[in-house]
There are 2 protein chains.
Amino acid sequence: MGRKSEARKKIIDTARELFWKNGYGATGVAQILSHAGIGSGSFYWFFKSKEDLLVAVLEQYLELLDSMIAAPAFKKSTDPIERIFLILEGYRQILEEYDFQLGCPIGNIALELGDKYENVREMTIKNFENWRNMIKKCLHDASNSFPPNTDFDAMTVFILTTMEGAMMQARAHKDISYFDDSIVQLRVYFNSLLTKKEFDS
Amino acid sequence: MGRKSEARKKIIDTARELFWKNGYGATGVAQILSHAGIGSGSFYWFFKSKEDLLVAVLEQYLELLDSMIAAPAFKKSTDPIERIFLILEGYRQILEEYDFQLGCPIGNIALELGDKYENVREMTIKNFENWRNMIKKCLHDASNSFPPNTDFDAMTVFILTTMEGAMMQARAHKDISYFDDSIVQLRVYFNSLLTKKEFDS
DNA sequence: CATTTACTTTATTGATCGTTCAAGAAAGGA
DNA sequence: TCCTTTCTTGAACGATCAATAAAGTAAATG
């Protein structure tokens, strides 16, 4: 590899791809290295363990959220509520584009590893927080469309809940309608709050 | 083991427990057998592979749903909508009782294995269908509390979506409030439909 | 009693797991 | 030029993986 450590990045990128598609446990270090064209000696120069690599992958996801998820959605609309549903549509596209082989990479790790490694769990929490902050900003921008007593934190949790549950079912059934049905019901939930505001004001 | 195959059941029970707590991939056949006190020769007499065992475990979950999930909830109330939320409370108890180490066993498998084994995917689908049928019956019993155009199938999917997403987040954070927040929002969703009915009638 | 069927026991297979190690190559600074 | 730092190479390690083979036991069947 090149003289200023493209190798480390190459390993992370390859691992991210394979962890996402096949899971952490099912992806061997040897498999990552053969895909990346790098020897095991180099790997353990950059990372002290496979677990350490997973943490690096999860750190990268923190940085990727804006460019890969938020920016594409925000470009399509300026309306804060519409932006939320455009973000969800981005995940819908992932399901369809990769024929339901890919879900939410964070959710996958969260369920697979649980609390087996504390530093991994910390990173999944940070990723969830990062995601929810993205949503919370949108809700804040639309805060005067909602009743004054609205619990925006709980709402944000509920949106992530819907996304994760919707992706899980669509993936299991290999049928996008399970995703779409869930999102439609989330719209129902939203609309009930928005119209309630109209009554009050 | 005894003369009429308690061994097979012992293996399934042990595997169910370990798969649930540690996942399918992270649970070794040898680990299952040492917990069950059974040799590998016996194992491969009853099952042709580890994958085959997983299918048997998922078959058992189909039978266990009534006695472990539905019955305890239905005993506490006869109101169909309250029963739905009592079922969700049952999962809440699992989270707390086992200190967030256990989630939804079907959801775990669905995300871990994806579509790696077709017969496993078929069984997870059957389990999801089984679960949704339990909910759908409740909704049917309360059908005249909802507006006439209500999409009960989509509603049912949405309830499972909420359960899965809520458990995932609570488990990742080791904090029950993520579960509770999601359920409260599901109540908001329900109430908006129920009150809408009142307006219409 | 003889034979078959049902199941157990344990040793062992080859593959793959994550990880280590000793040796060296390439570049920079002195 | 020589030394140091940075990174690469590839073989090897012991452990564990799912799965098999072969021999043996016990009950049922005829």
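Note that this is a predicted model, so its numbers are computed, not measured. Computed from heavy atoms alone, side chains included, the values below leave out hydrogens, waters and symmetry copies. Letters A, B, ... are given to chains in the order of the sequence lines, protein chains preceding strands, and every chain is numbered from 1.
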> If you pin B:Gly41 and A:Ala30 to their nearest nucleotides in DNA chain C, which one's is more 5'?
Replying inline: B:Gly41

> How long is the line joining NZ of A:Lys10 and P of D:dC7, in whole Å?
Replying inline: 17 Å

>> When you measure only distances, ignoring hydrogens and angles, does the side chain of A:Ser40 come within 3.5 Å of the base of D:dA12 through a donor and an acceptor?
In response: no

>> Within a 6.0 Å radius of atom NZ on B:Lys126, are there more than 12 heavy atoms belonging to other residues, nucleotides or ligands?
In response: no

>> Between P on C:dT10 and CG on B:Leu33, what's the gap in Å once rounded to a whole number?
In response: 13 Å

> How long is the line joining CH2 of A:Trp45 and C1' of D:dT6, in whole Å?
Replying inline: 6 Å

>> In this structure, is the centre-to-centre distance between the rings of B:Phe158 and A:Tyr189 below 6.0 Å?
In response: no

> Which whole-number value in Å describes the distance from B:Ile32 CD1 to D:dA19 P?
Replying inline: 11 Å

>> Applying a 4.0 Å non-hydrogen cut-off, can you work out what B:Gly28 is touching in the nucleic acid: base, sugar-phosphate, or nothing?
In response: sugar-phosphate

>> Whether B:Tyr44 contacts D:dT20 is assessed here as follows: a side-chain N or O lying under 4.0 Å from the phosphate OP1 or OP2. Is that the case?
In response: no

> What's the CG-P distance between B:Asn22 and D:dC17, to the nearest Å?
Replying inline: 12 Å

>> Consider ring-ring contact (aromatic ring centres under 6.0 Å, His included). Of B:Tyr178, B:Phe100, B:Phe179, which one does B:His173 pass it with?
In response: B:Tyr178

> Between D:dT9, C:dC17, C:dC7, which nucleotide gets closest to the side-chain atoms of B:Phe46?
Replying inline: C:dC7

>> With a 4.0 Å cut-off on N to O distance, would you call A:Lys21 and A:Glu17 a salt bridge?
In response: no

> B:Lys50 has an atom NZ; how far is it from atom P of D:dA18, in whole Å?
Replying inline: 4 Å

> Which listed nucleotide (C:dT19, C:dC17, D:dC17) is nearest to the side chain of A:Ser49?
Replying inline: C:dT19

> Cationic tip of A:Arg8 within the cone over A:Phe46's six-membered ring, i.e. under 6.0 Å and within 45° of the normal?
Replying inline: no

>> Without decimals, in angstroms, what is the distance between B:Tyr24 OH and D:dA18 C1'?
In response: 9 Å

> Looking across every strand, which nucleic acid part, if any, lies under 4.0 Å from B:Phe43 by heavy atom: base, sugar-phosphate, or nothing?
Replying inline: nothing

>> In this structure, how many angstroms lie between the C1' atom of D:dC7 and the CD1 atom of A:Ile11, rounded?
In response: 11 Å

